[in-house]
Chemist: 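Dropping a structure here in structure tokens format, bear with me for questions.
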Amino acid sequence: MSGWNASDIPDQRGRTAVVTGANSGIGYCAARELARAGARVVLACRSAERGSAAVERVRGEVPGADVEFGALDLADLDSVRKFADAWTGRTLDLLVNNAGVMALPHRRTADGFETQFGVNHLGHFALTGLLLPSLLDAPAPRVVSVSSGMHALANIDIGDLNSEKKYGRWVAYGRSKTANLLFVHELARRATGTGLVAAAAHPGYAATELQARGPQMEGKRGMERFYEIGNRFFAQSADGGALPTLYAATAPGVRPDGFYGPRLLARGAPTASWRASWTLNDSAGERLWAASEQLTGVSYAGLKG
């Protein structure tokens with residue numbers, strides 16, 4: 001995978017992909033490059049206005065792109081179910097669980113979950129489970145979850161998944177990104193023999209809107225400016241940050257439960273990435289899976305327990 005870039009994406013004609021949070025940042029870049037390679041791509045976004053604008057932007061950058069907008073709010077399980085219901089009867093080759101929030105002030109989703117855990121993990125857990133029949137109908141399906149090197153900040157606390165005892169925005173973010181990796185670890189185990197490849201990626205330090213969203217919510221202009229400077233001088237581009245996701249989504253030889261990131265940790269061509277040992281813990285993966293099924297009401301029919 002040395003020097004791998006978007007021009008190395010295999011032909012995606014005949015494949016259908018869903019990319020969550022594709023209206024900006026690495027999600028947009030990933031959706032655009034998948035479309036450029038010939039895939040039919042659904043940009044699944046919370047905002048109809050921003051999602052539809054992103055669709056038109058892709059069409060402008062990639063003439064003839066087969067792209068469409070899909071309404072999806074991962075902070076609302078009713079929205080997740082509506083998206084999945086609308087997909088009934090369609091085959092899905094690739095699901096990129098990209099959307100996420102980072103280091104927000106304490107908030108709750110429509111279903112009462114702590115927002116970072118609810119959006120980053122539970123929303124995608126429910127979406128993947130509800131779309132599973134469509135994925136298993138495809139000849140070579142993949143699920144790619146976008147985690148972060150910041151997963152190393154914290155392991156999950158199975159007794160306090162919603163941070164009810166104590167909330168720290170960065171600890172909660174780290175736990176949600178650990179949850180992404182444990183989800184992929186357990187999904188890969190359960191999908192053995194089905195042909196489904198579940199893998200994960202992280203963008204390193206990429207210049208996106210993600211960093212400034214928390215300060216914006218609290219009106220902390222100084223902190224917002226701090227992140228803007230960091231993005232300008234230290235981060236790689238969103239295009240560069242999307243490469244590990246695109247590698248995990250399309251490259252031959254991607255292994256189940258693989259985790260891919262920039263070669264130099266924060267930037268560079270994609271390669272196999274370091275991950276904390278707790279993200280490979282079978283028992284923790286099983287416990288998180290059981291709790292996620294209970295919290296979302298979504299079970300994965302067709303996979304072994």
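Values in this document were obtained by computation on a predicted structure and should not be read as measured data.
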Chemist: Which value, rounded to the nearest 0.5 Å, describes the distance between Q12 atom CD and L246 atom CG?
Modeler: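 CG of L246 is found 9.0 Å from CD of Q12.
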Chemist: Side chains of S7 and N5: any donor to acceptor distance under 3.5 Å?
Modeler: yes
Chemist: If only atom types and distance count, is the side chain of T109 paired as donor or acceptor with the main-chain N or O of D76 below 3.5 Å?
Modeler: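 Side chain of T109 to backbone of D76, a donor-acceptor pair under 3.5 Å: no, none is there.
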Chemist: Who clusters with W274? Use side-chain heavy atoms, under 4.5 angstrom, across I, L, V, M, F, W and Y, and order the result by chain and number.
Modeler: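 Same cluster as W274: nobody, lone residue.
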Chemist: If hydrophobic clusters are built by linking Ile, Leu, Val, Met, Phe, Trp and Tyr wherever their side-chain heavy atoms come under 4.5 Å apart, do V171 and V119 end up in the same one?
Modeler: no
Chemist: Please answer whether the main-chain N or O of N120 pairs with a side-chain N or O of N180 as donor and acceptor at a distance below 3.5 Å.
Modeler: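 Yes; judged by distance alone, with no hydrogens or angles, the pair exists.
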Chemist: Regarding T128 and N97, is there a side-chain donor-to-acceptor distance under 3.5 Å anywhere?
Modeler: yes
Chemist: Nearest 0.5 angstrom please: E114 CD to D160 CG, how far?
Modeler: 9.5 Å
Chemist: Do T20 and H124 have side-chain N/O donor and acceptor atoms under 3.5 Å apart?
Modeler: yes
Chemist: Minimum heavy-atom separation for L161 and A291, please, with both atom names.
Modeler: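 Smallest heavy-atom distance, with atoms named: CD1-CB, 3.7 Å.
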Chemist: Between the main-chain N or O of V67 and the side-chain N or O of R59, is there a donor-acceptor pair closer than 3.5 Å?
Modeler: yes
Chemist: Please determine if R40 and E68 form a salt bridge, counting it only when a charged side-chain N lies under 4.0 Å from a carboxylate O.
Modeler: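 Yes, R40 and E68 are salt-bridged.
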Chemist: Heavy atoms, side chains only, cut-off 4.5 Å: are I9 and E33 in contact?
Modeler: yes
Chemist: Could you tell me whether the side chain of T91 and the main chain of S134 form a donor-acceptor pair under 3.5 Å?
Modeler: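 It does not hold such a pair.
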Chemist: Between the side chain of D93 and the main-chain N/O of T16, is any donor-acceptor distance below 3.5 Å?
Modeler: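 Yes; at least one donor-acceptor contact below 3.5 Å.
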Chemist: So if you build clusters from Ile, Leu, Val, Met, Phe, Trp, Tyr with side-chain heavy-atom gaps below 4.5 Å, do L181 and W278 land together?
Modeler: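 No: no chain of side-chain contacts under 4.5 Å links L181 to W278.
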Chemist: Kindly say whether E49 contributes a backbone atom to a donor-acceptor pair with the side chain of S52 at under 3.5 angstrom?
Modeler: no
Chemist: Are H185 and D282 close enough that a side-chain donor and a side-chain acceptor fall under 3.5 Å?
Modeler: yes
Chemist: Between R32 and D239, does any side-chain N to carboxylate O distance fall below 4.0 Å?
Modeler: yes
Chemist: Roughly how far apart are L77 CG and L122 CG, rounded to 0.5 Å?
Modeler: 7.5 Å
Chemist: I'd like to know if V18 and L135 are part of one continuous hydrophobic network [Ile/Leu/Val/Met/Phe/Trp/Tyr, side-chain heavy atoms within less than 4.5 Å].
Modeler: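 Yes.
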Chemist: Enumerate the residue pairs fulfilling ring pair (Phe, Tyr, Trp, His ring centres under 6.0 Å) with a member in residues 76-120, sequence neighbours excluded, ordered by first and then second residue.
Modeler: H106-Y167, F117-H121
Chemist: May I ask you to decide if A54's main-chain N or O and N23's side chain share a donor-acceptor pair within less than 3.5 Å?
Modeler: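 The answer is no, because no donor-acceptor pair under 3.5 Å joins these two groups.
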Chemist: Please answer whether the main-chain N or O of R275 pairs with a side-chain N or O of T279 as donor and acceptor at a distance below 3.5 Å.
Modeler: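 Not a single qualifying donor-acceptor pair exists.
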Chemist: Once the angle between the rings of Y300 and F125 is folded into 0 to 90°, is it parallel (under 30°), tilted (30 to 60°) or perpendicular (over 60°)?
Modeler: tilted
Chemist: What's the spacing between I26 CD1 and N98 CG if we round to 0.5 Å?
Modeler: 4.5 Å
Chemist: At their closest point, which heavy atom of F259 faces which heavy atom of S147, and how far apart are they?
Modeler: CE1-CB, 4.1 Å
Chemist: When hydrophobic residues are tied together by side-chain contacts of less than 4.5 Å, even through go-betweens, does L187 share a cluster with L74?
Modeler: yes
Chemist: Please tell me whether D73 and S79 have a donor and an acceptor in their side chains that are separated by less than 3.5 angstrom.
Modeler: no
Chemist: Backbone N or O of A35 within a donor-acceptor pair of the D66 side chain at under 3.5 Å?
Modeler: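 Not confirmed, D66 side chain does not pair with A35 backbone.
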Chemist: A side-chain contact here means heavy atoms from C-beta on lying under 4.5 Å apart; do L94 and V144 qualify?
Modeler: yes
Chemist: If we ignore hydrogens and angles and just use 3.5 Å, is the side chain of K177 paired with the main-chain N or O of V146 as donor and acceptor?
Modeler: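 Yes, because the side chain of K177 sits within donor-acceptor range (under 3.5 Å) of the backbone of V146.
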